[in-house]
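Heads up: the structure comes next, in structure tokens.
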Amino acid sequence: MKMAWKEMQKNKAKFIILGSIIFLVSLLTFIISGLANGLSHDNAGLIKDLPDGHFYMTEDAEEMYNLSTINNGTQEDILMNQENSVALSIQMGFVNDQFDKQRSVAFVTSTDSDLFEQVSSGEIILDRSLEDEGIKVGDTLTHNQSNGTFLVKGFVNQKKYSHTPVAYISTEDYQDIYQTSDMQLIFIPGTENVQQFTGLQAFTNQEFLKTIPSYSAEQMSLNMIVWFLIVISGMLFAIFFYMMNVQKIGLYGILKAIGVKTSTLFQMMWTQMVVITSIALTVSIAGSQIFNSLAPNGMPFSLTIETTLQLSCVFLIIGFVGATLSGFQIKKVEALQAIQQGEM
Amino acid sequence: MDRFTMEKVRKTFTNGETKEDILKGINLSLMEGEVTALVGASGSGKSTLLTIAAGLQSATEGTIQFDGQNIATMKSDQIRKIRASKFGFVFQFAHLVPFLTVKEQLLLMLDIADSKQKKVDKKKEVDRILKLVGMEHRKDSYPTSLSGGEKQRVAIARAIIHKPKVLFADEPTASLDSKRSREVMALLRDITKTYHIATLLVTHDEEMLIFTDRVIKMLDGKILAESN
Ligand SMILES: Nc1ncnc2c1ncn2[C@@H]1O[C@H](COP(=O)(O)OP(=O)(O)OP(=O)(O)O)[C@@H](O)[C@H]1O
Ligand SMILES: [Mg+2]
């Protein structure tokens with residue numbers, strides 16, 4: 001594959017331009033996908049960190065968990081018979097800090113479980129983001145509607161719901177504030193078998209996330225951008241190699257006439273595509289990791305190496321397909337026409 | 001000695017409804033160490049004959065004997081192998097690979113011909129052939145920096161480096177001035193003699209016939225006359 005390499009050396013500018021474009025497009029893709037992932041944590045870290053399982057809400061809630069009320073009988077029945085199952089409620093609300101500044105929180109309460117923080121009445125555990133805003137362990141928070149007070153017991157990482165920091169409170173306090181003893185949801189971890197309960201509708205974690213209105217909208221638009229960028233990069237490859245091949249039709253014809261195999265010409269193109277893409281991807285993986293570590297704290301950005309590698313594979317495959325599609329010209333080139341044409 | 005023979009070769013092009021006979025029964029042999037010139041009016045079928053002989057397009061009818069085999073009935077990959085290892089080509093334009101140096105063009109040809117020589121020997125061979133065509137001082141140049149005549153000499157070097165048995169040349173001097181044309185023709189003749197190649201050469205230029213051993217005149221797809 002010396003020819004492929006020689007051509008790249010001789011036509012550095014062309015290939016560097018292609019490489020830079022692929023670098024920029026893939027870097028953008030990585031960053032947007034990091035943003036999508038970060039936003040999804042920021043939106044629903046509470047749910048995303050749970051083990052795979054199923055959520056249940058009442059059927060007449062019509063997929064809106066805050067309209068769901070599971071009666072005590074059903075709840076007790078399920079909690080008794082299903083291992084590790086837990087009943088929980090989530091409600092958006094406010095607490096006031098020591099300076100009487102109002103903070104939005106998502107109150108979460110649950111029956112006894114390892115999956116959710118447990119606190120005694122009068123206590124509260126908060127998402128770490130509120131610590132960054134100046135609330136400390138030992139502070140007392142007040143709640144306007146119920147005149148109750150909460151003693152801050154501690155902070156937990158990455159627990160958000162609908163972009164709002166989670167505040168774990170006891171079931172007693174929850175009943176006090178919202179005047180109901182019914183829980184909204186039941187969660188059963190484990191995916192082996194989906195249990196059916198009359199009157200209840202089951203949701204996988206993923207399906208449950210989609211019932212959060214902002215969640216689907218955010219993820220869909222960002223993922224669409226990611227796929228658009230991937231398709232664009234595929235087309236870039238196709239167009240670039242198409243142009244290159246058009247310029248080289250005469251050369252291909254001559255090479256075929258003197259006995260070069262068509263497959264050799266394809267390999268030459270593939271080598272170039274793989275080399276360019278690999279270099280561009282390596283640089284943009286490095287770039288995206290630097291961005292990952294430099295991104296400001298408040299920016300919801302989270303990009304794992306696995307995601308980058310997966311996307312890189314997609315880029316390579318798409319590049320291969322793009323180059324190959326444009327390479328069908330090579331196949332069609334007749335040695336004869338090329339010879340009868342003039343100098344390239 | 002006969003190196004290459006064509007017998008009763010016909011070529012018909014079908015253009016929609018109409019069929020056109022371009023070659024109407026060609027019999028011809030090429031001898032080793034001889035330059036055979038093919039002349040005739042434009043459109044008489046010279047290029048068609050040459051490309052069929054070289055296996056670049058198929059004949060409608062007839063046999064083409066080379067090395068005890070009939071090329072006319074071979075599969076395309078078999079013909080490709082023969083083109084790569086046993087045939088050499090020179091065309092009106094040099095058609096060099098733009099991103100390879102003169103030396104690399106020739107090494108590439110040795111690879112294409114699947115030469116089993118060692119790398120050192122290949123390099124020696126390249127130097128030798130470049131000296132023969134008078135281009136050794138430009139062996140590290142790229143084609144864009146060569147003149148038309150120089151390119152054509154490199155093209156000839158590429159056509160013969162793998163020691164082909166038959167050399168096909170279609171108007172190799174058409175893009176050169178008469179001084180350069182004579183140089184290139186003398187070179188082709190000398191190489192034909194030195195390496196015992198059978199050379200088939202199409203030319204428009206009467207002046208160049210002094211460098212050839214035999215002249216075949218074509219008219220309307222038929223061989224009109226043959227003279228020594
Ligand atoms: N692929 C083709 N389809 C149809 N007709 C063709 C094809 N190739 C060549 N011809 C016709 O065959 C005839 C002979 O063409 P050819 O190129 O062999 O002529 P030539 O003797 O080489 O002419 P010139 O001296 O101008 O190069 C021409 O009339 C040409 O139009
Ligand atoms: Mg012609």
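All chains are named by letter (A, B, ...) in the order of the sequence lines, taking the proteins before the strands, and each is independently numbered beginning at 1. Basis for what follows: all heavy atoms, side chains included, without hydrogens, waters or symmetry-related copies.
- Heavy-atom minimum distance, B/Ile112 versus A/Ile258: CG2-O, 3.4 Å.
- Enclosure of atom CE in A/Met299 by more than 12 non-hydrogen atoms of other residues, nucleotides or ligands within 6.0 angstrom is indicated.
- Shown here are the ring-ring contact (aromatic ring centres under 6.0 Å, His included) partners of B/Tyr195, two or more places apart in sequence or in another chain: there are none.
- Around atom OH of A/Tyr242, no more than 12 heavy atoms belonging to other residues, nucleotides or ligands sit under 6.0 Å away.
- Counting non-hydrogen atoms of neighbouring residues, nucleotides and ligands closer than 6.0 angstrom, the CZ atom of A/Phe228 reaches no more than 12 such neighbours.
- Of the two parts of B/Glu104, only the side chain, counted from C-beta on, holds a non-hydrogen atom closer than 4.5 Å to a non-hydrogen atom of chain A.
- Around atom NZ of A/Lys160, more than 12 heavy atoms belonging to other residues, nucleotides or ligands sit under 6.0 Å away.
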Next item on the list: Just do the side-chain contact (heavy atoms from CB on, under 4.5 Å) check on A/Ile254 and B/Phe91 with the steps written out, would you?
Entry: CA-CA 10 Å; A/Ile254 266 344; B/Phe91 303 101; 4.0 Å; yes

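- The distance from the NZ atom of A/Lys2 to the CG atom of B/Leu100 is 9.0 Å, given to the nearest 0.5 Å.
- Neither the backbone nor the side chain of B/Phe87 comes within contact range of chain A, judged by heavy atoms closer than 4.5 Å.
- Nearest heavy atoms, A/Met3 versus B/Phe99: O-CE1, 3.5 Å.
- At least one donor-acceptor pair closer than 3.5 Å links the side chain of B/Arg80 to the backbone N or O of A/Gly259.
- Applying the 6.0 Å contact sphere to NZ of A/Lys10 captures more than 12 heavy atoms from other residues, nucleotides or ligands.
- B/Ile82 does not touch chain A: none of its heavy atoms, backbone or side chain, sits under 4.5 Å away.
- Proximity to chain B (any heavy atom under 4.5 Å) is shown, for A/Lys261, by both the backbone and the side chain.
- Partners of B/Gln117 by side chain to side chain donor-acceptor pair (under 3.5 Å), not counting sequence neighbours, listed by chain and number: B/Ser115.
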